[in-house]
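This one's a predicted model, so the numbers in the text were calculated from it and none came from an experiment.
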Protein chains: 2
Amino acid sequence: MASTAMSRGARALEQSVGREAVIRAAARVFMERGFTATTMDDIADVMGATKGRVYHYYRSKVALFADVHELALLMITTRIRQVFEAELPPDEKFHAMCKEHIRTMIEEFALCRVGSVHGLDRHLIESASTQEARMLRKIVKMRDEFEGMFLQVIIDGIRSGHFREAPPKYAVKAALGALNWFGVWFDPTKKTSEAELATMSETLATFSTDGLRSLSSR
Amino acid sequence: MASTAMSRGARALEQSVGREAVIRAAARVFMERGFTATTMDDIADVMGATKGRVYHYYRSKVALFADVHELALLMITTRIRQVFEAELPPDEKFHAMCKEHIRTMIEEFALCRVGSVHGLDRHLIESASTQEARMLRKIVKMRDEFEGMFLQVIIDGIRSGHFREAPPKYAVKAALGALNWFGVWFDPTKKTSEAELATMSETLATFSTDGLRSLSSR
DNA sequence: GTCTATAATTTGATAGAC
DNA sequence: GTCTATCAAATTATAGAC
C-alpha cells in the first residue's frame with residue numbers, strides 16, 4: 001500500500017529539500033489520513049525516499065506531527081492577525097477575518113486541514129512523552145490565541161451593537177465551525193475556478209458574519 | 001494500553017447484551033479515537049470482554065464501523081425528518097431542524113460524533129472489500145439524504161424570500177458546519193446543566209438560521 | 001545524509017477449547 | 001457464546017553500511 005500510482009506522481013511535485021521537504025510531505029499525508037492512519041513509510045514515499053530520511057530529521061511521528069501542526073497555526077494566526085489589527089468596525093473586521101481564513105485554507109489546504117480538522121485527540125496527548133507533551137501543550141495555546149482574536153471581535157461587536165446579544169464563547173464556536181468545516185467537505189483534487197473559490201469564501205464569510213448580526217445592523 | 005483505569009469504570013455503564021452491546025461499545029471508542037486508532041481490544045475492553053466476543057458478531061472492523069455509522073445516520077435522519085415534514089415557514093422550520101440536530105447530538109453524542117466528525121475517509125473506502133464497499137456507499141447515500149433535507153429548506157427559504165440569495169450548496173455546508181462542529185468542541189465528560197445545554201442549542205440554531213436570513217426577514 | 005536491514009511491538013483476524 | 005492462544009501482517013524506531 002505504500003507505493004501506489006498516486007504517490008509516484010506526487011514525487012515530482014515535491015521539490016523542497018531537507019527538513020522542509022519532510023514537513024511538507026508529512027503535511028500532505030497527515031491531511032489525507034490523519035495521525036494514526038499515516039505511516040512513516042507513507043511520508044517517505046511522497047518524497048520518493050525511505051524512512052531513514054524522515055527519522056534523520058525527526059525522532060518520532062508525534063514530534064513530526066507537532067511540527068506540522070505548529071507551522072499551520074503559526075501561518076494562519078499570522079495572516080489573521082494582519083486583519084485583526086486593522087481599524088475597522090467589528091462586523092466588517094469579522095467578515096474580513098473570515099474571508100482571510102477561507103482564503104488561507106484554500107492556498108495552504110494541506111497544512112490547514114491538519115491544524116483544524118485533525119485536532120489533537122486526547123489519547124494522542126496522553127500517550128506522548130514529557131518532551132512531546134510540551135510541544136502539544138504549546139499547540140493548544142496557539143489555537144486558543146487564534147480563536148481569541150475571533151472571540152474578541154465578537155465581544156466588541158456585541159458591545160457596539162453590530163452583533164446581537166449571544167454568549168460569545170458559543171458564538172465563536174459556531175462561526176469557526178462554519179469556516180473550519182470547509183476543510184471537511186472541500187476537495188482540493190478537483191479543479192475549481194477562481195470565480196468559484198471566490199463564491200465559496202464570500203458565501204461562508206457572509207454566513208458567519210450575518211449569523212451574529214443584530215437587527216439594527218443589517 | 002488496552003486496560004486503563006478508565007475502561008474499568010466504563011464497564012459498569014454498559015449493560016446491554018449481545019450484538020447491541022458490541023455496537024454501543026464500538027460507538028463509544030470510535031467516537032473518542034476514530035476508526036484507525038481504535039483497536040478491537042479497546043472495544044472488547046469497554047464491555048469487559050475480549051476480542052472473541054466482538055468477532056462473534058462482526059467479521060471485521062470495517063463492518064462494525066459501518067454498522068455504527070449507519071445506526072447514527074438512521075437515528076438522526078429519522079429525528080430530523082419529523083421536523084422537516086412539519087408545516088412551517090422555511091426560516092422557522094430551519095431553526096427547529098437545527099435545534100433538533102444539536103439536541104440529538106447531546107443525547108446521543110457517541111453515535112453522532114462517529115457519524116459527523118469521523119467521516120468516511122477516502123482511504124477507508126479504497127481499502128474495503130467489495131462487500132464492505134457496498135455498506136460504505138450506502139452510508140454516503142444516507143448522509144446525502146440527511147443533508148438533502150437541510151438543502152431543500154434553504155432552497156424553499158430563498159424562493160419565499162425568508163433567506164437571502166446565496167448558492168444553496170455552499171450555504172448548507174456552512175450551516176451544517178456550524179452545527180457539526182459542536183461534535184468537535186463539546187466535552188461530554190464534563191457535567192453541563194440543562195440550562196446551559198439549552199443555551200448552546202439555541203445559540204447555534206439561531207446563528208445558523210440568521211446566517212441565511214434576508215434583510216426583510218428579520 | 002540516505003539507505004538497507006532488522007528489532008520490538010501492536011493489531012486484525014482465526015482456530016479451537018470450554 | 002465466550003475465551004485463550006496464536007498467526008500473519010503492519011508499523012515504529014534503531015543500528016550500521018555506504
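Annotation: cation-pi geometry not satisfied between A:Arg113 and A:Phe182 (NZ/CZ under 6.0 angstrom from ring centroid, within 45° of ring axis).
Between A:Lys173 and A:Glu147 a salt bridge is recorded (basic side-chain N to carboxylate O distance below 4.0 Å). Using a 4.0 Å cut-off between charged side-chain N and carboxylate O, A:Glu108 and A:Arg24 make a salt bridge.
Within 4.0 Å of A:Thr36, counting heavy atoms only, lies no atom of the nucleic acid at all. Looking at heavy-atom distances under 4.0 Å, B:Tyr58 makes no contact with the nucleic acid at all.
Closest to the side chain of B:Ala49, from the set D:dC3, D:dA13, C:dC3, is D:dC3. Taking the side chain of B:Thr39 as heavy atoms from C-beta on, and the options D:dA13, C:dC3, C:dG12, the nearest nucleotide is C:dG12. Picking from C:dT2, D:dT11, C:dG12 the nucleotide with the shortest atom distance to the side chain of B:Lys51 gives C:dG12. Of the listed nucleotides (C:dT2, C:dT11, D:dA13), D:dA13 has the atom at the smallest distance from the side chain of A:Met40. Taking only side-chain atoms of A:Ser60, from C-beta outward, the nucleotide of C:dT2, D:dA13, D:dT12 with the closest atom is D:dA13.
Going from atom NZ of B:Lys61 over to atom P of D:dA9 covers 18 Å, rounded to whole Å. Rounded to whole Å, atom P of C:dG12 lies 20 Å from atom OH of B:Tyr57. Here the P atom of nucleotide C:dA13 and the CZ atom of B:Arg59 are 10 Å apart, to the nearest Å. For the pair A:Arg53 CZ and D:dC18 P, the interatomic distance rounds to 20 Å; values are reported in whole Å. One interatomic measurement links the two molecules: CG of B:Asp41 to C1' of C:dT9, which rounds to 13 Å at whole-angstrom precision. Taking atom OH of residue B:Tyr55 and atom P of nucleotide D:dC7, one finds them 17 Å apart after rounding to whole Å. For the pair A:Phe30 CZ and D:dT12 P, the computed distance is 9 Å after rounding to whole Å. With rounding to whole Å, A:Glu20 atom CD is found 15 Å from C:dG1 atom P.
When each of A:Gly52 and B:His56 is assigned the nucleotide of DNA chain D bearing its nearest heavy atom, the one mapping closer to the 5' terminus is B:His56.
Using cut-offs of 30° and 60° on the angle between ring planes, the pair B:Tyr170 and A:Trp185 is parallel. Note: A:Phe150 and A:His101 have tilted aromatic rings, judged against thresholds of 30 and 60 degrees for the angle between ring planes.
Side-chain N/O atoms of B:Thr50 include none lying less than 4.0 angstrom from OP1 or OP2 on D:dT2.
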